[in-house]
Structure formats: structure tokens, C-alpha cells
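So you know, we letter chains A, B, ... as the sequences are listed, proteins then strands, and number each from 1.
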2 protein chains.
Amino acid sequence: MTPIENDSYHHGNLRQALLDAAVRTLKNHSVEQLSLRALAREAGVSQTAPYRHFKDKHQLLAELATQGFDELTEALLADRQPEDNTAQAMSACGRGYLRFALNNPEKYRLMFGKGMHDRTLYPELEASGMRAFGVLQEWVTRGIENDELDASDPELTAYHVWACVHGLASLIMDGKSHCSDQESVEQLVEANLGMIKQRLLK
Amino acid sequence: MTPIENDSYHHGNLRQALLDAAVRTLKNHSVEQLSLRALAREAGVSQTAPYRHFKDKHQLLAELATQGFDELTEALLADRQPEDNTAQAMSACGRGYLRFALNNPEKYRLMFGKGMHDRTLYPELEASGMRAFGVLQEWVTRGIENDELDASDPELTAYHVWACVHGLASLIMDGKSHCSDQESVEQLVEANLGMIKQRLLK
DNA sequence: CAGGCATGTTAACACTGTCAACACGCTATG
DNA sequence: CATAGCGTGTTGACAGTGTTAACATGCCTG
């Protein structure tokens, strides 16, 4: 878990240690509160050492976000079974998405939001984002092919579903939902996922 | 437009001048780039003068956001006609919402997102947000009463629609839409609004 | 073994938010 | 009408930030 303790002049594992420290920070603090200098302190290293491994603060954030999208992809696939039909895939993906977002709100906010300058500067970020979107698009496409979905354009439909789920996650995360307790949030999520499914499924 | 020029020791209109400068800044810069000191410079005043009018940077941001929600409420009502049926109200609200968000992306990001510490500290902010949501909820409620909408719970349905539209706005603003030109964005918006309507109208 | 290169450090600059102490000038009260 | 007070603006300072330049260390390769 913790990076190897190293008393020598060279840390040995600083790059990963900084990323780990950043992930840890995002558990309790917002992206805006995350500082390179604090990460360096936590890694037991001088305040400019990070610049040997990251051009920018933005680059570190971009790598965190990339890693976040990969985790999101896993979350989307976690509850899926190979034999799932479209309705089951929808439910699994939706729950996986919301679970990830609500369990890692600050990381999620970093992935979307404006943590970095310009995400087009980071091709790996774009790619990992695309992979996550691809999971959605895959079952939507299959659902349309199998005539299970009431839709024609797979990409547009997948984008629409993404927007709905993303909006739901954002509103809840930003406290715009009246319900504070865990249980009523889950009910809200289920109700919303139900409304999406209800009208998209034939 | 510009605050009154005032060579005297006292500015005379600093509070509003700062808010105006902030709004101007958000036209070209992100919330993160907005600094109190820069606003003070733009108002031709020392760097700590703002603290006579705002306890915090957060308080200034909260007031901007409050003002933003009021503008959003106007935008939601702008294209509405008193005799509109639910379908027409949906379209007008949806277009108004997206127009506001895409024309004022940084202000919108401030309104949602994590610009302030804790929005519950600013009751006026909460209230103006509620007024905006109320516009949505109003026509949803009427639509259900008139049996024009295929839904039962007005609040839940309004929240669902809000999530869909908010998600769409966020994804487009954060550049997750492939389409860069104005025209294809509008097509994307229309297609998405269409899918929401199609699914909700009886 | 020696030199080079990756990785670390120190010092410094230009920013930021924020507070305390001080200065100005309008307004109300004696 | 004078003066005391208070709202407003200023100066100076502290702590924190991202970032660069110049310097130091030590492993790895020729």
C-alpha cells in the first residue's frame, strides 16, 4: 500500500507515491484543495521534486483522471454477466456508474469538470474516456440490433443515456437532491434509472 | 454599464463594480482563474478593499451564483407563452436551459460545481436555485394533472428531467461531444431534447 | 573507474487569500 | 457648526501556491 520507505537520496518510487498520495487526498478533499507541494510533503520529498516526474500540476491531474476513467470502465463492467440482455446490462451499467461516481465524488469531479487546462492535450485521457463510453455504446448498439431498444442511432442514444446518468450523478454529488441519507439516495438513483429504462426499452 | 468613475477616496459603488468585473471575467476565464485581487485591480482599488463588502471570496462567488440562478430562471421562462401546452413548455424550457448553460459556461460551472465551500451557508443561493427548479416542476406538475405526461410523481419526474438536461449541458461544456461547431451542437441538443420529450409525453 | 543522466534539493519569483492596523471622509448628534 | 463615529479604502504583512533556474547526488553504462 504505502510506497517503500527509502532513506537514500533518491526516493525510488516517487512518481507512483505522488499519484497514490493524490488519490488518498481526493478521498477527503476537493480537487481545488489538492496541492503539489502537499503531495511532495506527504511523500517526504522537497516541493519541486514532483517536477522531475510531471511537467505540470495539470499533467498529474490528467493521469489521475485517466486512471479514474479506467476504474469507471471496470465499474461499468463489474456487475455484467455475459448472458445479460439489454435491460440487465442497462441496470448493471447504471448502478455501476452511479456507485463509482458517488463513492469517488472528487475523483469523478476531476474526470469531468475543469481540473486540467485542456484535455485534448492528453491523448491517453481522451482514450480512456472513450473506452468508458464504449461500454455504454456497446450494449446500446446490441440492444438496437436485437430490437430490444426503442431507438435508431446507437451513438446518439448512448450519448443520451450517458448525459442522463452523468447529470444524475452530478446533481446528487453537488447536494441538489434534498436527500442526505444513503438510503434515500439509493432510492432516488433506482427511480431515475427506472425512468430511463422504462422509456428506452421496447 | 461601467460603474461611475470616481476619483475620490471612496469608490462609491465598489460592491457592484466587483460583481460586474467578476461577471466580465467569467466570460473569458474559468472560475478557478478568478481572483479577488484581480477584481480589485480592475475596479481600480486596493487588494483588500473587497473585504469591506464580502466576508470571503466564497461569499462573492455565492452571490454570483445566486444571480446566475435568477438569470437561469428567466431563461427558462423566456420562450414560454401562457397558452403553451406541456410539450411546448418542455421545448421552451429545454432550449432556454441549454442556451443559458452554453452561452455562460463558466457561470454555469460556478452555479453547480464546487466553487464555494458549502452552499448551505448561503440561503439566498439555495432559494434562487429552488426558484429555477420550481419552473421545471411547475409544468411537470401541470402536465401530470392534465394527463399529458406519462409519469406519476411530479417532483421525481422534474428532477429526472433536470438531471437529463444538466447532464447534457455538462457533457457538451466539458467538450465530450465530438462536435465543435455551433451548428452540430444545436443538432445534438435538439436530438437529445427530442429523446427526453418522446419518452415523457403520452 | 569515470562520466553522464535521472533524480533530488535550495533559492527565488510571482501569484493568491486573508488579517491587522491605520487613514480618510460622510453623516449624524450635541 | 463642530466633532465623534462609522463605513469604506489603504498599507503592510503572513502563509500558502505553481513554477523555474541553478546546484547536488548517486546509479548505470562505457
Side-chain angles (χ1 to χ4, degrees), chain A residues 3-22 25-26 28-65 106 110 113-118 121-122, chain B residues 3-22 25-26 28-65 106 110 113-118 121-122:
Chain A
I4 306 132
E5 280 299 333
N6 194 338
D7 290 351
S8 75
Y9 186 85
H10 289 89
H11 181 288
N13 206 12
L14 183 53
R15 182 186 180 85
Q16 193 56 48
L18 290 169
L19 289 170
D20 291 349
T25 301
L26 287 184
N28 307 318
H29 301 78
S30 72
V31 181
E32 292 83 7
Q33 295 174 308
L34 185 152
S35 92
L36 272 193
R37 288 165 104 114
L39 297 183
R41 278 193 296 272
E42 194 161 341
V45 104
S46 85
Q47 59 197 24
T48 57
Y51 288 88
R52 299 294 149 193
H53 300 274
F54 302 95
K55 176 188 169 296
D56 251 347
K57 183 180 183 182
H58 301 287
Q59 192 193 328
L60 187 149
L61 294 180
E63 274 179 52
L64 280 183
E106 295 304 335
L110 166 65
K114 264 252 187 169
M116 294 126 281
H117 277 135
D118 182 2
L121 295 176
Y122 307 97
Chain B
I4 307 131
E5 279 298 332
N6 195 335
D7 290 350
S8 75
Y9 187 87
H10 290 89
H11 181 288
N13 205 11
L14 184 53
R15 182 186 179 85
Q16 192 57 47
L18 291 169
L19 288 170
D20 291 348
T25 301
L26 286 185
N28 307 316
H29 301 77
S30 72
V31 181
E32 292 84 7
Q33 294 173 307
L34 185 151
S35 92
L36 271 194
R37 288 167 103 114
L39 296 183
R41 278 192 297 270
E42 193 160 344
V45 102
S46 84
Q47 60 198 21
T48 56
Y51 287 88
R52 297 295 150 197
H53 300 274
F54 303 95
K55 176 187 167 298
D56 249 349
K57 182 180 184 183
H58 300 287
Q59 192 192 328
L60 188 149
L61 293 181
E63 273 178 53
L64 280 183
E106 294 305 333
L110 166 64
K114 265 252 184 166
M116 292 126 284
H117 279 133
D118 183 0
L121 296 176
Y122 307 98

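- Counting to the nearest Å, the P atom of C:dT16 and the CG atom of A:L34 are 20 Å from each other.
- Closest of all the heavy-atom pairs between B:R15 and B:H53 is NH1-O, 2.8 Å.
- The closest donor-acceptor contact from the side chain of B:E63 to the backbone of B:L60 lies at 3.5 Å or more, if one exists at all.
- Note: CG (A:L36) to P (D:dT20) measures 11 Å, nearest angstrom.
- The CG-P distance, from A:N13 to C:dT7, rounds to 11 Å in whole Å.
- Put simply, CZ on A:R15 is 14 Å from P on C:dA6, counting in whole angstrom units.
- Of all heavy-atom pairs between A:S35 and A:K57, the closest is CA-NZ, 4.4 Å.
- Smallest separation of non-hydrogen atoms from B:L18 and B:A43: CD2-CB, 4.2 Å.
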Atom pairs, N/O to N/O, protein against nucleotides 12-16 of chain D, distance under 3.5 Å?
residue : atom : partner : partner atom : Å
D:dA13  : N6   : B:Q47   : NE2          : 3.3

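- A sub-4.0 Å separation between OP1 or OP2 of D:dG9 and a side-chain N or O of B:H53 is present.
- Straight-line distance from the CZ atom of B:F54 to the P atom of C:dC19: 15 Å, rounded to whole Å.
- Here the shortest heavy-atom pairing between B:L61 and B:L110 reads O-CD2, 3.8 Å.
- Along DNA chain C, the nucleotide closest to B:H58 and the one closest to B:R52 are compared, and the more 5′ of them pairs with B:H58.
- The main-chain N or O of A:H29 is never found under 3.5 Å from a side-chain atom of A:Q33 such that the two would form a donor-acceptor pair.
- In this structure, CD of B:Q16 is placed 14 Å from P of D:dT8, rounded to the nearest angstrom.
- Nucleotide D:dT19 holds its C1' atom 12 Å from the NZ atom of A:K57, rounded to whole Å.
- In this structure, OH of B:Y51 is placed 11 Å from P of C:dT16, rounded to the nearest angstrom.
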